[in-house]
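Structure first, then comments.
Note that these values count all heavy atoms, side chains included, but never hydrogens, waters or copies made by symmetry. Throughout, protein chains are lettered first and strands after them, A, B, ... in sequence-line order, and every chain is numbered starting at 1.
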Amino acid sequence: MIKVKIHVTLRESVLDPQGTAVKSSLHALNYHEVQDVRIGKYLEVTLEPTDRPIDEVVKEMCERLLANTVIENYEYEVEEAVTK
Amino acid sequence: MKFAVIVFPGSNCDIDMYHAIKDELGEEAEYVWHDEGDLSSYDGILLPGGFSYGDYLRSGSIARFSNVMKEVVKAAEEGKPVLGVCNGFQILLEAGLLPGAMLRNKELKFMCRTVGLRVENAKTMFTSDYEKDQVIQIPIAHGEGNYYCDDATFNELKENGQIAFTYEGTNPNGSLGDIAGITNAKGNVLGMMPHPERAVDSLLGSADGLKLFQSIVKHWRDSNVVTA
């Protein structure tokens with residue numbers, strides 16, 4: 001089995017109202033060193049290896065469903081050989 | 001004229017939409033479940049508001065892959081009127097039938113109240129019964145109506161007259177250019193966050209939404225019904 005760890009985040013050009021609210025809250029807790037907070041999503045996808053290259057499959061899943069590339073970027077890492 | 005009201009798991013404005021068409025507009029309407037595979041017998045397609053699939057992942061992102069959406073795309077390509085309200089708008093964006101995407105409201109609050117809408121383009125098949133720059137009163141009820149697109153797309157929307165409605169006065173959600181509703185380039189697909197189907201009877205606050213549906217019917221009659 002293959003485990004893929006996917007991070008989906010808002011693009012830099014897009015304002016993140018949740019991140020801004022959390023930043024204010026951290027400032028209220030006296031963490032004045034905090035410059036920016038961006039909130040995103042983390043997904044773990046476990047899949048069976050197929051004939052198709054894993055990068056191709058994961059990118060396709062991200063582009064079609066997991067991320068909306070109008071507003072979001074995605075990054076992923078592949079962990080091979082997860083035993084059941 | 002016969003309308004399809006598409007029902008997804010989690011739709012909750014489908015009954016309002018049906019009522020608006022059937023009882024207030026006086027046209028035919030039928031509910032169509034999301035896994036149906038044929039919309040050829042309908043003249044207009046309505047995607048109601050709600051929280052399809054619990055808004056999981058992103059609003060509209062899962063509904064967009066429903067079986068019926070292939071048919072909605074086909075209907076849009078054939079030039080039939082397709083109206084998406086609130087979650088319906090979000091689904092149309094996710095499906096790529098309209099450009100751009102939705103973000104959380106700027107103030108992070110779910111906004112539920114009646115707002116003023118300015119009719120920016122009164123020449124579409126959805127707005128011809130209004131006057132340009134007319135301000136109408138229509139309720140909103142959403143947490144993710146903060147419309148976003150890149151600069152190039154925004155300029156295209158402006159140049160092509162694809163911005164149908166903007167918020168008048170205070171922008172409730174932070175949407176780009178105060179956008180409340182846009183059409184596709186061809187003009188037969190409209191997505192809007194405010195709920196015209198909730199404003200079809202003055203006894204219930206406002207009947208300003210009725211003209212939107214009357215515009216659709218008028219357009220359809222003009223292009224489909226030959227008078228003897």
Neighbour count >12 (heavy atoms, 6.0 Å) for atom OH, A:Y42: yes

B:K186 atom NZ, neighbour heavy-atom count above 12 within 6.0 Å: yes

A:L43 CG to B:L57 CG distance, which is reported to the nearest 0.5 Å: 6.5 Å

Atom NZ of B:K109: over 12 foreign heavy atoms under 6.0 Å: no

Distance-minimising heavy-atom pair for B:G100 and A:V70: C-CG1, 3.9 Å

Over 12 non-hydrogen atoms of neighbours within 6.0 angstrom of CZ in B:F65: yes

Structural part of B:D150 lying under 4.5 Å from a heavy atom of chain A: neither

Heavy-atom neighbours of B:K106 NZ exceed 12 at 6.0 Å: no

Enclosure of B:I15 CD1 (heavy-atom neighbours >12, cutoff 6.0 Å): no

Interface residues of residues 55-66 of chain A facing chain B - heavy atom cut-off under 4.5 Å: A:R64, A:L65, A:L66

Neighbour count >12 (heavy atoms, 6.0 Å) for atom CG, A:D36: yes

Which atoms of B:L108 approach chain A - backbone, side chain, both or neither, heavy atom under 4.5 Å: side chain

Under 4.5 Å from a heavy atom of chain A, the part of B:E107 involved: neither

Beyond-backbone contact of B:L103 with A:L10, side-chain heavy atoms, under 4.5 angstrom: yes

Neighbourhood of chain B inside residues 16-30 of chain A, taking heavy atoms under 4.5 Å as contact: A:P17, A:Q18, A:A21

Pairwise distance OG(B:S59) to CG(A:N68) - rounded to 0.5 angstrom: 10.5 Å

